[in-house]
Amino acid sequence: MIARDSMHFTANRVTSLRPCRCKPQSVLRALRVTLLFTALASTPGLAEDPQNAGASPVVSIDHNTFIPSEITVAPGTIVTWVNNEAMPHTVVDLNKGFQSKTLVKDAKFSFTFTIAGDYSYLCSIHPNMKGKVIVKPGVS
């Protein structure tokens, strides 16, 4: 195979054992792109594997909403909230078990849930934004 440029490849029949007239940079570029695509194709994504026990749940803050608004996790799980919008938000447990600082765009807050129970929370800046974390033993 000979690389014409980084995006187009053409097949070339080998009719002799003479050396390729390719520029070394083109061959290296084609090799790097091939290796990159191979690595990406063979790496499983967290979103593709719902049984991935090592995945830490993420709650997105977007459109003045916690997404998902309710999640169920096992004790010992770290839940992370990420503010995906320009407006600042907070994550505050109604029973005062946890409280984030003000989260600006792309800021994150994480909390480890160690005790089983229901944890209702809201954004103290926008009290109409509500969510819940349910902690149950045996949930994976």
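Below, each value reflects all heavy atoms present in this structure, side chains not excepted, and no hydrogens, waters or symmetry copies.
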>> Is there a side-chain contact between Val91 and Cys123 in this structure, where contact means two heavy atoms from C-beta onward sitting under 4.5 Å apart?
In response: no
> Hey, any chance Ile115 and Val79 share a hydrophobic cluster, counting ILVMFWY side chains that come within less than 4.5 Å of each other, even indirectly?
Replying inline: yes
>> Classify the ring geometry of Phe109 against Phe111: parallel below 30°, tilted from 30° to 60°, perpendicular beyond 60°.
In response: parallel
> How far does CD1 of Ile134 sit from CD of Glu70, to the nearest 0.5 angstrom?
Replying inline: 3.5 Å
> NZ of Lys105 to CE of Met87: how many Å apart, nearest 0.5 Å?
Replying inline: 11.5 Å
> Quick one: does Asn83's side chain have a donor or acceptor within less than 3.5 Å of a partner on Glu85's backbone?
Replying inline: yes
> Should Leu122 and Tyr119 be counted in the same cluster of Ile, Leu, Val, Met, Phe, Trp and Tyr side chains packed under 4.5 Å apart?
Replying inline: no
> Are the side chains of Pro75 and Thr114 in touch, meaning some heavy atoms are under 4.5 Å apart?
Replying inline: no
> Taking atom OG of Ser69 and atom CD1 of Ile67, what is their separation to the nearest 0.5 Å?
Replying inline: 9.0 Å
>> Which heavy atom of Val139 sits nearest to which heavy atom of Ala74, and what is that distance?
In response: O-CB, 2.9 Å
> Do Ile61 and Met129 have side-chain heavy atoms sitting under 4.5 Å apart?
Replying inline: yes
> Does the side-chain contact (heavy atoms from CB on, under 4.5 Å) test come out yes or no for Asp118 and Lys132, once each step is laid out?
Replying inline: CA-CA 7 Å; Asp118 293 355; Lys132 183 188 246 184; 3.8 Å; yes
> Is there a donor in the side chain of Ser100 and an acceptor in the side chain of Thr90, or the other way round, less than 3.5 Å apart?
Replying inline: no
>> Give me the atom names and distance for the closest heavy-atom approach of Lys108 to Thr80.
In response: CB-CG2, 4.1 Å
> With sequence neighbours left out, what residues match Thr102 under side chain to side chain donor-acceptor pair (under 3.5 Å)?
Replying inline: none
> Closest heavy-atom contact between Ile71 and Pro57?
Replying inline: CD1-CB, 4.1 Å
>> Can you tell me how the ring of Tyr121 sits relative to the ring of Trp81, calling it parallel under 30°, perpendicular over 60° and tilted otherwise?
In response: perpendicular
> Do the side chains of Phe66 and Phe98 join up, straight or via other hydrophobic residues, at under 4.5 Å, putting them in one cluster?
Replying inline: yes
> Which distance, rounded to the nearest 0.5 Å, do you find between the OG1 of Thr65 and the NZ of Lys130?
Replying inline: 13.0 Å
> Taking atom OG1 of Thr112 and atom CD1 of Ile78, what is their separation to the nearest 0.5 Å?
Replying inline: 4.0 Å
> Checking side-chain contact (heavy atoms from CB on, under 4.5 Å) against Val133, which of Val73, Val59, Thr72 comes through?
Replying inline: Val73
